[in-house]
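Structure, as structure tokens:
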Amino acid sequence: MRHLTSSSCFRMKAYLVRILTEALAKITDQPVQADIIIEKPRSADHGDAATNLAMTLTKKLGMPPRKIAEALKAALPLDDGYLSAVEIAGPGFINFRFSEKWLYGQLSEILETGAGYGKTTENAGKKMQIEFVSANPTGPLTVGHGRNAVLGDTIARLLEWTGAAVDREYYFNNAGRQMRVLGESVRARYLQELGQPAELPEDGYQGGYITDIAKTLIDAHEESLLGCPPNDPVFKNAAEHAIFADIRKTLERMNIRMDSFFNEHTLYEDGSIDRVVSRLRELDLAYDADGAVWFRTTKFGKEKDTVLVKSTGEPTYRLPDIAYHINKLDRGYDTCIDIFGADHIATYPDVVSAVEALGYDSKRIDVQVYQFVTIVKEGIPFKMSTRKANFVTLDELMDMVGSDVTRFFFLMRTPGTHLEFDIAEATQQGEKNPVFYLQYAHARIHSILSKATEEYDLSAEADLGLLTHPAETTLIKDLLQFPDMVAQAAHHREPHRLINYLNEVAASFHRFYHDCRIMGEAPELAVARVALLRAVVTVLNNGLTILGIQAPERM
RNA sequence: GCGCUCGUAGCUCAACUGGACAGAGCAUCUGACUACGGAUCAGAAGGUUGGGGGUUCGAAUCCUCCCGAGCGCACCA
């Protein structure tokens with residue numbers, strides 16, 4: 001059974017589970033083990049909540065599902081503090097309708113809770129860490145990194161709303177071959193800028209930012225670096241600092257702040273790399289062959305063993321990866337989440353196997369893989385490469401569409417499926433741009449509220465019982481789903497669920513706006529509707545806050 | 001060749017992880033307030049969920065085999 005918390009929807013679920021359990025005990029002699037699942041039916045005709053309990057019990061009780069449903073219904077109490085009706089439908093669903101008394105009670109709870117509405121305690125007391133972005137400082141962040149960055153940050157926010165303490169960490173490596181080539185590329189540009197003959201390394205970085213970095217070196221050192229050898233760290237260091245500064249700025253612009261940057265090099269300095277190898281050797285999971293150190297991945301179902309340390313003495317990236325995850329687990333996190341692109345999909349199982357073999361509970365590691373982004377520009381997709389400088393940077397994208405649209409587009413889709421990022425669609429300012437639908441609803445309500453403040457005395461308590469129009473009650477029911485939706489999105493690490501939900505809320509609001517007026521109605525009703533709008537604004541605001549998107553008061 | 005991830009309306013995607021009649025937004029067509037923001041709302045049309053077989057009360061979802069796409073398969077990261 002699903003873990004339940006104290007928020008409104010959970011409380012209704014808990015109530016339904018309890019009365020169903022009691023009813024079940026009444027209709028059978030022997031105790032029956034049953035998983036009671038409560039869900040919201042797709043169609044409003046089927047009530048506000050439903051359970052398939054009767055169907056799942058057909059085998060155990062040896063009775064047809066509708067018979068069981070009838071018996072259960074007869075044994076259920078009908079407390080109008082919670083429910084107004086219990087119905088049986090279809091093959092044996094038991095459908096519940098919430099009482100108005102319950103709805104109004106919950107609505108006033110939203111108003112009281114305000115900016116905290118939607119927070120739950122599902123992960124209260126849990127310490128979590130999420131590692132994301134983690135791009136090596138070889139160039140500016142591109143749209144390709146964007147999905148990773150925004151997913152990581154938003155999942156962190158979701159988890160915080162379920163009570164967890166979350167650390168955001170950026171893992172990087174400034175010592176590998178890529179970085180060496182980067183330094184050599186800067187040096188080549190430096191020489192060229194000073195009129196010296198020089199060529200980029202064969203697989204050097206071609207982007208214009210390399211030349212910019214070279215120019216800053218000229219500003220700082222003039223010609224004094226001409227005699228430096230190609231591998232002099234001054235070039236690489238300059239590049240790293242400039243690029244990291246740039247990356248931080250981009251992240252900040254996207255409303256992302258890291259708690260820590262972890263340099264892979266640390267793992268060499270503190271000996272944890274060596275420790276992993278020797279412990280794997282003790283377990284006979286690592287061995288020497290052909291001058292290299294191998295990891296016995298065949299023991300975990302792989303076809304081939306994997307090299308951990310090359311015959312040159314240099315570890316492959318897998319080894320520090322293992323050490324890094326152990327480092328994280330040793331820091332005491334209950335859960336460590338990795339946000340990985342599809343290219344890592346085949347390699348992380350090795351890390352998980354190693355961590356498990358070394359005596360850690362690998363369930364504490366949670367790898368989230370997202371599929372790559374296809375950029376569509378003028379109707380045609382194009383491939384990006386940092387090295388060839390064939391990319392759209394996140395800064396360029398935000399120059400075009402702003403950070404709200406940028407975040408929204410990356411969050412809109414299921415992480416596990418390919419995302420098509422259509423620049424033309426994102427650039428649209430009007431109705432075609434999906435983010436505006438939400439922001440418009442927020443701005444519209446705000447405008448109504450400020451007008452209502454002038455016309456009515458809103459200090460008196462609203463009589464919420466006046467909100468009986470179908471557009472009003474469905475809107476209230478939508479609002480009550482919010483904490484549950486946040487918790488679900490957090491649990492599945494899928495922010496798009498929250499977006500879909502907020503779109504529904506906005507749609508319900510627009511429908512309400514169309515059907516129900518505020519100004520011009522009897523003052524009591526107007527005041528009650530204003531209260532409802534405040535609750536809607538609360539949900540939109542809190543939801544957009546989780547998504548890291550602005551909730552504008554006018555547009 | 002092997003592994004992973006996928007395939008849903010013309011297009012981009014949902015579907016609460018096995019539930020009721022597969023839903024939204026674009027695009028197309030038809031309508032709506034002389035009043036609170038028309039960046040809105042109502043309606044129409046659009047489907048053999050890539051295909052076959054299986055599991056069961058029940059399948060887009062699970063198993064299997066085909067077809068098709070993307071990504072991996074280094075002593076690169």
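Chain A is the first sequence line, chain B the second, and so forth, proteins listed ahead of strands; every chain is numbered from 1. All figures in this text were calculated on a predicted structure; none of them were measured in a lab.
- Using a cut-off of 4.0 Å between Lys/Arg side-chain N and Asp/Glu carboxylate O, A:E169 and A:K328 are scored as not salt-bridged.
- At a threshold of 4.0 Å, the pair A:K40-A:D48 does not count as salt-bridged, since none of the basic side-chain nitrogens sits closer than that to a carboxylate oxygen.
- Between the P atoms of B:rG54 and B:rA59, the separation comes to 13 Å (whole Å).
- As judged by a 4.0 angstrom heavy-atom cut-off over every strand, A:T417 is placed among residues touching the sugar-phosphate backbone only.
- Within a 6.0 Å radius of NE2 in A:H496, other residues, nucleotides and ligands contribute more than 12 heavy atoms.
- Using C1' as the reference atom, B:rA22 and B:rU48 are 13 Å apart when rounded to the nearest Å.
- Within the cation-pi definition used here (under 6.0 Å to the ring centroid, within 45° of the axis), A:R318 does not qualify as a partner of A:F295.
- Comparing B:rU5, B:rG19, B:rA15 against the side chain of A:H496 picks out B:rA15 as the nearest.
- Set against B:rU40, B:rC76, B:rA77, the side chain of A:Y440 has B:rU40 as its closest nucleotide.
- Within 4.0 Å of A:A452, counting heavy atoms only, lies no atom of the nucleic acid at all.
- Taking atom CZ of residue A:F409 and atom C1' of nucleotide B:rC13, one finds them 12 Å apart after rounding to whole Å.
- B:rC6 is paired with B:rG68 under the criterion used here, namely a Watson-Crick or G-U wobble arrangement in which both key atom distances are under 3.5 Å.
- For A:Y513, counting side-chain heavy atoms from C-beta on, the closest listed nucleotide (B:rC13, B:rC73, B:rG38) is B:rG38.
- Using a 4.0 Å heavy-atom criterion, one finds that A:N95 contacts the bases of the nucleic acid, with or without backbone contacts as well.
- Taking atom P on both nucleotides, B:rA9 is separated from B:rG23 by 14 Å, rounded to a whole Å.
- Ranking B:rA14, B:rC16, B:rG38 by closeness to the A:N500 side chain, first place goes to B:rA14.
- Taking atom P in both B:rA20 and B:rC29, one finds a spacing of 34 Å when rounded to whole Å.
- Counting only heavy atoms from C-beta on, A:R42 has its side chain closest to B:rC16 among B:rC16, B:rU12, B:rC36.
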Criterion salt bridge (charged side-chain N to carboxylate O under 4.0 Å, His left out) on A:R281 and A:D288, from CA distance to verdict = CA-CA 9 Å; A:R281 278 187 204 275; A:D288 295 294; 2.8 Å; yes
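- The distance between atom CE of A:M485 and atom C1' of B:rC16, rounded to the nearest whole Å, is 6 Å.
- Rounded to whole Å, the distance from CE on A:M55 to P on B:rG18 is 14 Å.
- B:rC73: Watson-Crick or G-U partner is B:rG1, with both key distances under 3.5 Å.
- B:rA69 and B:rG25 have their C1' atoms separated by 24 Å, given to the nearest Å.
- With 3.5 Å as the limit, one finds a donor-acceptor pair spanning the side chains of A:Y287 and A:D305.
- For A:F93, whose side chain is taken as the heavy atoms from C-beta onward, the closest listed nucleotide among B:rA77, B:rG19, B:rC76 is B:rG19.
- When heavy atoms are screened at a 4.0 angstrom cut-off, A:D343 is found touching the sugar-phosphate backbone but no base atom.
- Under the Watson-Crick or G-U wobble criterion, with both distances below 3.5 Å, B:rC62 is paired with B:rG54.
- Atom CE of A:M412 is separated from atom P of B:rC26 by 12 Å (rounded to the nearest Å).
- Side chain of A:K310, nearest nucleotide from B:rA15, B:rC13, B:rC76: B:rC76.
- Listed candidates were B:rC21, B:rG37, B:rA14. Nearest to the side chain of A:D45 is B:rC21.
- B:rC16 and B:rC6 are spaced 14 Å apart, taking the P atom of each and rounding to whole Å.
- Of the candidates B:rU40, B:rC36, B:rA14, B:rU40 carries the atom nearest the A:H510 side chain, counting heavy atoms from C-beta on.
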inquiry  = Before you tell me yes or no, could you show the steps for A:Q106 and A:M12 under side chain to side chain contact (heavy atoms under 4.5 Å, CB included), namely the whole-Å CA-CA distance, both residues' side-chain angles and the distance that decides it to 0.1 Å?
reply    = CA-CA 10 Å; A:Q106 297 307 308; A:M12 176 56 97; over 6 Å; no
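- Base engagement by A:D290 is indicated by at least one non-hydrogen atom pair under 4.0 Å involving a base atom.
- Nucleic acid contact class of A:E494 (heavy atoms, under 4.0 Å, all strands): base.
- At a threshold of 4.0 angstrom between heavy atoms, the contacts of A:R517 include nucleobase atoms, whether or not backbone atoms are also involved.
- In this structure, of B:rG37, B:rC73, B:rA32, it is B:rG37 that holds the atom nearest to the side chain of A:A443.
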